[in-house]
Amino acid sequence: MLIGVARTSTIEQEAGLLAQVRELEAFGCESIYKEQVSSVGERPRLEAAVNSLRSGDKLVVTKLDRLARSVRHLGELLEKLEAKGAGLVILSMGGQQIDTSTATGKMMLNVMASVAQFEREMMLERQKEGIAKAKQDGKYKGRKPTAMAKADAVLSLSQSGMSKQKICDQLGISRASLYRILAAEGKAGD
């Protein structure tokens, strides 16, 4: 049985999710698990798909980045699949299809996953260098502190006796931000 997994990071990427579903259906997936969640977040639909696999089944994704967030995560998934006697098919991996039920497919996947992680790490390194240079040139200030801009309102509501939770709800800030503001004013214990 072919079990498909389609994932996008956000709800705004609905067209990308539908395109993945169409590709998985065209490949012959009998069941498709869809989710719209960041690859670093919890993946309940991926877990459900893996749990549904039986010996001889194959988990199918359109691209590697729709499945795993790192080489380590990919390795963990492959171990789970191997323990179940299942394989993995990636429909588009550098223009080729990869099937881990073959020795060549396993080797190609490991090499390509390592290259993909290397590319991501290089991109993050370049991003950090760019931010550092922009800061040095005075062109990068970071994001504006949204909660600290509401410090006066936090202090006013706190002094009026409003509960901390109601302050957070009314101003749309987290409890951590509220406590940072109160601590900065020496009023955290109030």
Side-chain angles (χ1 to χ4, degrees), residues 3-21 24 31-53 59 61-81 113 116-117 119-190:
I3 310 281
V5 174
R7 181 193 66 81
T8 58
S9 298
T10 64
I11 293 171
E12 289 81 32
Q13 298 171 327
E14 185 73 27
L17 187 68
L18 294 175
Q20 289 176 57
V21 169
L24 293 168
S31 178
I32 299 174
Y33 292 78
K34 299 174 274 194
E35 58 189 354
Q36 293 176 302
V37 62
S38 168
S39 65
V40 297
E42 292 295 317
R43 303 276 309 274
R45 300 299 293 158
L46 173 60
E47 286 299 317
V50 170
N51 291 336
S52 74
L53 294 168
L59 186 69
V61 294
T62 57
K63 294 181 181 175
L64 180 59
D65 67 347
R66 302 297 88 201
L67 178 67
R69 61 182 166 265
S70 66
V71 172
R72 181 177 170 207
H73 183 229
L74 177 62
E76 292 168 358
L77 286 169
L78 289 173
E79 284 178 15
K80 287 180 183 178
L81 297 180
Q117 182 167 334
E119 286 177 347
R120 175 158 172 70
E121 289 170 2
M122 292 301 294
M123 183 267 309
L124 291 172
E125 193 173 295
R126 287 190 302 272
Q127 182 182 31
K128 285 179 187 175
E129 289 170 358
I131 289 171
K133 181 164 179 12
K135 283 181 178 178
Q136 181 181 351
D137 296 345
K139 296 178 182 175
Y140 182 87
K141 310 271 191 272
R143 71 176 181 92
K144 286 186 162 189
T146 54
M148 283 302 196
K150 300 176 182 179
D152 291 338
V154 166
L155 295 172
S156 175
L157 292 172
S158 178
Q159 289 169 353
S160 74
M162 185 179 283
S163 75
K164 289 176 174 57
Q165 186 59 53
K166 283 188 178 180
I167 294 171
C168 291
D169 293 343
Q170 183 171 330
L171 298 177
I173 62 173
S174 69
R175 287 183 74 84
S177 294
L178 174 105
Y179 281 104
R180 265 193 300 279
I181 293 167
L182 294 176
E185 297 296 322
K187 300 182 183 292
D190 293 351

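We're numbering straight along the sequence, starting at 1. The basis for the numbers below is simple: all heavy atoms, side chains too, and nothing from hydrogens, waters or symmetry mates.
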| field | CD1-CG distance between I3 and L24, expressed to the nearest 0.5 angstrom | value | 11.0 Å

| field | Test log, rule side chain to side chain contact (heavy atoms under 4.5 Å, CB included), inputs V5 and T62 | value | CA-CA 8 Å; V5 174; T62 57; over 6 Å; no

| note | Residues at least two apart in sequence or cross-chain that pass salt bridge (charged side-chain N to carboxylate O under 4.0 Å, His left out) with R72, listed by chain then number, are E76

| Rounded to the nearest 0.5 Å, what separation is found between the CZ atom of R175 and the CD1 atom of I167? | 9.5 Å

| query | Should the heavy atoms of other residues, nucleotides or ligands under 6.0 Å from CD of Q165 be counted, would the total exceed 12? | reply | yes

| field | Nearest-0.5 Å distance that lies between atom CD in Q20 and atom NZ in K34 | value | 11.0 Å

| request: For residues T8 and E14, determine if any side-chain heavy atom of one lies less than 4.5 Å from a side-chain heavy atom of the other. | output: no

| query | By salt bridge (charged side-chain N to carboxylate O under 4.0 Å, His left out), which residues pair with K135, not counting sequence neighbours? | reply | none

| request: Taking side chain to side chain donor-acceptor pair (under 3.5 Å) as the test, write out the residues that go with R180, two or more places apart. | output: S177

| field | By side chain to side chain donor-acceptor pair (under 3.5 Å) - contacts of E121 (at least two apart) | value | Q117

| task | Go through the structure and list residues passing side chain to side chain donor-acceptor pair (under 3.5 Å) with K80, not counting sequence neighbours. | result | E47

| remark: Closest non-hydrogen contact found for H73 with L67 is CE1-O, 3.7 Å

| task | Check side-chain contact (heavy atoms from CB on, under 4.5 Å) between E79 and all other residues, then give those that pass, not counting sequence neighbours. | result | none

| query | Hey, are the side chains of V37 and S9 touching, using non-hydrogen atoms and a 4.5 Å cut-off? | reply | no

| task | Could you check Q36 against L17 for side chain to side chain contact (heavy atoms under 4.5 Å, CB included), going step by step and ending with a plain yes or no? | result | CA-CA 8 Å; Q36 293 176 302; L17 187 68; 3.8 Å; yes

| request: Answer yes or no: is there a side-chain heavy-atom contact under 4.5 Å between K164 and Y179? | output: yes

